[in-house]
Amino acid sequence: MGRQDRRTMPLFPIGIVQSLTDLSARQIRYYEEHGLIHPARTGSNRRLFSFEDVDRLLEIKELIDKGVNLAGIKEMMAQKEVRASTLKSEHNESENVKKDLSDRELREMLKQEIFEAGRLNKASLRQGELSRFFH
DNA sequence: GTTCTCACA
DNA sequence: TGTGAGCA
């Protein structure tokens, strides 16, 4: 069994994940509903989470604690996937081309990440202002 | 005992 | 997001 199999192997029920992440079952199911995680199901329709799922939930929790809303988290995760697949495809390029691209695109990806973080932070700040305004 | 879906004084 | 109902 490979390392990857171990990361994606469906292992624990929602109760365990709850205590592992300090998220409510409600939140966990809600995030699944929005495509942030994809836990497997047992024959009796119970969710089974992998280490990968738990890791993602922990990342989600950090963003939630920082005041990022679901839309923001979705974009952050999407950005991350783009960066991951970019790296993966570059991994298959020839050495010469890769050296060139990875250096340039590494900076580009970093820039995008910072840009995204800044944009979302402003968005959540605006939310804060609005909630105060309507209070 | 636990989890699932659905719905909302 | 919480919570309770009614199942499996």
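As the structure is a computational prediction, the values presented were derived from the model and not from experiment. The sequence lines fix the lettering, A, B, ..., with proteins before strands; numbering per chain opens at 1.
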First and last nucleotide of DNA chain C, 5' to 3', lying under 4.0 Å from heavy atoms of chain A: C:dT1 to C:dA8
Minimum-distance pair of heavy atoms, taken over all atoms of A:Glu116 and A:Met76: CG-SD, 4.0 Å
Considering all heavy atoms, the nearest A:Ser124-A:Gly67 contact: CB-O, 3.3 Å
Residues forming a salt bridge (charged side-chain N to carboxylate O under 4.0 Å, His left out) with A:Glu105, sequence neighbours excluded: none
For A:Arg41, salt bridge (charged side-chain N to carboxylate O under 4.0 Å, His left out) partners two or more places apart: A:Glu32
Heavy atoms from other residues, nucleotides or ligands near CZ of A:Arg6 exceed 12 (cutoff 6.0 Å): no
Residue pairs fulfilling ring pair (Phe, Tyr, Trp, His ring centres under 6.0 Å) with at least one residue in residues 97-116 of chain A, sequence neighbours excluded: none
Summary of protein contacts for nucleotides 3-9 of chain B, nucleotide by nucleotide, where a base hit scores B, a sugar-phosphate-only hit scores S (4.0 Å, heavy atoms): BSB----
With sequence neighbours excluded, residues passing side chain to side chain contact (heavy atoms under 4.5 Å, CB included) with A:Ser44: A:Thr42, A:Arg46
Anything under 3.5 Å between a donor and an acceptor, one on a side chain of residues 11-18 of chain A, the other on a protein residue two or more places apart or in another chain? List them.
none

For A:Leu36 against A:Met77, the heavy-atom pair lying closest together: O-CE, 4.4 Å
DNA chain B-proximal residues of residues 61-71 of chain A, any heavy atom under 4.0 Å: none
Dot-bracket encoding per residue of DNA chain B, Watson-Crick/G-U cut-off under 3.5 Å, | denoting interstrand: .|.|||||.
Non-neighbouring partners of A:Glu62 that pass salt bridge (charged side-chain N to carboxylate O under 4.0 Å, His left out), sequence neighbours left out: none
Qualifying residues under ring pair (Phe, Tyr, Trp, His ring centres under 6.0 Å), relative to A:Tyr30, sequence neighbours excluded: A:His34
Residue list, salt bridge (charged side-chain N to carboxylate O under 4.0 Å, His left out) with A:Asp65, at least two apart or on another chain: A:Lys61
